[in-house]
Asker: 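Okay, here's the structure, questions in a sec.
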Amino acid sequence: MANWLVLLVACVSINLSLSSKEPEYFSPRSCKELMERYEIEEDGLYYLTSPTGVKYQTYCDMTTAGGGWTLVASVHENNLYGKCTTGDRWSSQQGGSPNVPDGDGSWSNTVTFGNAEAATSDDFKNPGYYDITAENVAVWHVPNNERVGRWKLTSFLRYHTESKFLRSYGGNLYNLFKIFPVKNNAGSCPANHGPSVPVVYDAGDASFNHNLFGPHVRARTDPGFIMFRAINYEKAAMAICLGVKPKDCNTEHSCIGGSGYFPEGSPRQCGDFTGLDWSGYGTHVGWSASKQLIEAAVLIFYR
Ligand code: 3S6
Ligand code: CA
Ligand code: CA
């Protein structure tokens, strides 16, 4: 064969292999990309790839409000009686102490843990949490230990933002919490709360959501919002308020995740589900949330 012909054949075959959908080149970065570029329409577990080459499996919600939602994290409370002990990855596993003001730092670092299939049985955080550039957040409350195929069915609350607020905060929660650190003494209440964003409900509604909290909490919160980086009276920081916007600074009864030190009654408010049990475990009186709320994982999605 003539040299020029060999070259031509080689070029054509390189081109062919590049354009074909071989696994090497099938590397969606988010569920939104998977939906839009690869026309995937079903809810379920898929593989995504981060730009640094980390391949990970996560859940995609391809149907809610147009679909394309990527599960990036779950906050699971394995033991509400343990106060900043093992399993409190979204607050501190190092005990409540002023010496660890930002606890494990999970809201604003690149440490990942858990896996998608166990997202209702353990904490989960994947590279999408810091890698994906998104506009909105969705939250699902799914009973602990549910299998993936039943998450949507058994979730008793699902809500999402529509304002594209993440555009103003770096496109994801990793960047938002760089601006608003989940750290003890990082600010005061209410001056230094992070953004509160209205939500639209896909399961349950604002009044059902509100009623999952005890009466003291209901009287001091407005339903129908997600609020980020709450600060309480004692200057502890929390990451996410669950479908409510606090009106006072006892934010530790409706907001979860947090700094490594909660001065009030220390360490009683320290942990992934903070002070959701302040008036007893699952009692649904005073400051305590219902059992339904505290025995469910909080799944966080981006789109
Ligand atoms: C409805 C009563 C107000 O109770 C106070 O708030 C009480 O003194 C404290 O124990 C309590 C906590 O700060 C609640 O977070
Ligand atoms: Ca946990
Ligand atoms: Ca308080």
Side-chain angles (χ1 to χ4, degrees), residues 71-96 100 102-107 109 111-116 118-126 129 139-146 182 184-185 188-190 193 213-221 227 230-242 244 246-281 283-289 293-300:
L71 175 68
V72 297
S74 78
V75 183
H76 171 264
E77 181 52 74
N78 61 315
N79 175 17
L80 198 40
Y81 295 104
K83 301 299 174 185
C84 279
T85 51
T86 306
D88 283 326
R89 294 179 190 82
W90 295 105
S91 46
S92 175
Q93 303 184 103
Q94 306 164 71
V100 271
D102 39 17
D104 283 15
S106 301
W107 296 100
N109 67 25
V111 176
T112 55
F113 40 77
N115 62 79
T120 61
S121 303
D122 202 357
D123 294 326
F124 179 43
K125 181 184 171 198
N126 65 44
Y129 177 83
V139 171
W140 292 18
H141 293 249
V142 185
N144 285 344
N145 304 317
E146 282 292 355
V182 183
N184 192 58
N185 265 322
S188 61
C189 171
H193 284 331
F213 295 104
H216 291 354
V217 178
R218 290 203 293 275
R220 294 167 176 81
T221 52
M227 195 176 94
I231 308 272
N232 72 5
Y233 284 115
E234 296 80 20
K235 297 190 172 153
M238 284 129 271
I240 299 182
C241 307
L242 301 174
V244 297
K247 292 190 285 192
D248 79 345
C249 303
N250 286 306
T251 55
E252 66 273 12
H253 313 298
S254 58
C255 311
I256 63 164
S259 47
Y261 182 50
F262 285 72
E264 185 178 27
S266 178
R268 272 194 59 210
Q269 298 179 346
C270 207
D272 282 0
F273 278 9
T274 49
L276 268 60
D277 62 343
W278 188 248
S279 305
Y281 183 98
T283 57
H284 207 192
V285 302
W287 302 98
S288 281
L293 189 71
I294 62 172
E295 295 185 351
V298 176
L299 274 51
I300 301 171

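Basis for what follows: all heavy atoms, side chains included, without hydrogens, waters or symmetry-related copies. Whatever order the structure lists ligands and atoms in, that order sets their numbers, starting from 1. This is a predicted model, so every value here is computed, not measured. We're numbering straight along the sequence, starting at 1.
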Asker: Any N/O/S atom of Glu252 sitting less than 3.0 Å from the Ca ion (ligand 3), backbone or side chain?
Answerer: yes

Asker: Just to the nearest 10 degrees, tell me the angle at the Ca ion (ligand 3) spanned by Asn250 OD1 and Glu264 OE1.
Answerer: 160°

Asker: Please confirm if an N, O or S atom belonging to Thr251, backbone or side chain, lies less than 3.0 Å from the Ca ion (ligand 3).
Answerer: no

Asker: Taking the side chain as C-beta and beyond, is there a heavy-atom pair between Trp90 and Asp123 under 4.5 Å?
Answerer: yes

Asker: Given Ser121 and Asn145, is the side-chain hydrogen bond (donor to acceptor under 3.5 Å, both in side chains) satisfied, shown in steps?
Answerer: CA-CA 5 Å; Ser121 303; Asn145 304 317; 2.9 Å; yes

Asker: A side-chain contact here means heavy atoms from C-beta on lying under 4.5 Å apart; do Asn109 and Tyr129 qualify?
Answerer: no

Asker: Please check if atom NZ in Lys83 has more than 12 non-hydrogen atoms from other residues, nucleotides or ligands closer than 6.0 Å.
Answerer: yes

Asker: Without hydrogens or angle criteria, can the side chains of Tyr261 and Glu234 be said to hold a donor-acceptor pair below 3.5 Å?
Answerer: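 There is no such pair (donor and acceptor under 3.5 Å, judged by atom type) between the side chains of Tyr261 and Glu234.
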
Asker: Around the Ca ion (ligand 2), list the protein N/O/S atoms within a radius below 3.0 Å, excluding water molecules.
Answerer: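 Per the 3.0 Å query on the Ca ion (ligand 2), atoms found are His76 O, Gly87 O, Asp123 OD1, Asp123 OD2, Asp272 OD2.
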
Asker: Say you draw a straight line from CD of Glu77 to CG of Asp122; how long is it, rounded to the nearest 0.5 Å?
Answerer: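 Those atoms lie 11.0 Å apart.
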
Asker: Is a side-chain donor-acceptor pair under 3.5 Å present for Asn232 with Glu264?
Answerer: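 There is no such pair (donor and acceptor under 3.5 Å, judged by atom type) between the side chains of Glu264 and Asn232.
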
Asker: How many angstroms lie between CG in Leu276 and CD in Glu252, if you round to the nearest 0.5 Å?
Answerer: 10.0 Å

Asker: For His253, run the side chain to side chain contact (heavy atoms under 4.5 Å, CB included) check against His216, Met238, Gln269 and tell me which one passes.
Answerer: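 That would be Gln269.
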
Asker: Would you kindly check if the NZ (Lys) or CZ (Arg) of Arg89 is within the cone defined by 45 degrees around the ring axis of Phe113 and under 6.0 Å from the six-membered ring centre?
Answerer: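 Yes, a cation-pi geometry.
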
Asker: Using distance alone, with no hydrogens and no angle criterion, decide if Asp88 and Gln93 have a side-chain donor and acceptor under 3.5 Å apart.
Answerer: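 Side chains of Asp88 and Gln93: no pair found under 3.5 Å.
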
Asker: Short N or O contacts of ligand 1 with protein, under 3.5 Å, listed by atom name?
Answerer:
residue: ligand 1; atom: 13 (O); partner: Asn250; partner atom: OD1; Å: 3.1
residue: ligand 1; atom: 13 (O); partner: Glu264; partner atom: OE1; Å: 3.3
residue: ligand 1; atom: 13 (O); partner: Glu264; partner atom: OE2; Å: 2.7
residue: ligand 1; atom: 15 (O); partner: Asn250; partner atom: OD1; Å: 2.9
residue: ligand 1; atom: 15 (O); partner: Glu252; partner atom: OE2; Å: 2.8
residue: ligand 1; atom: 15 (O); partner: His253; partner atom: NE2; Å: 2.5

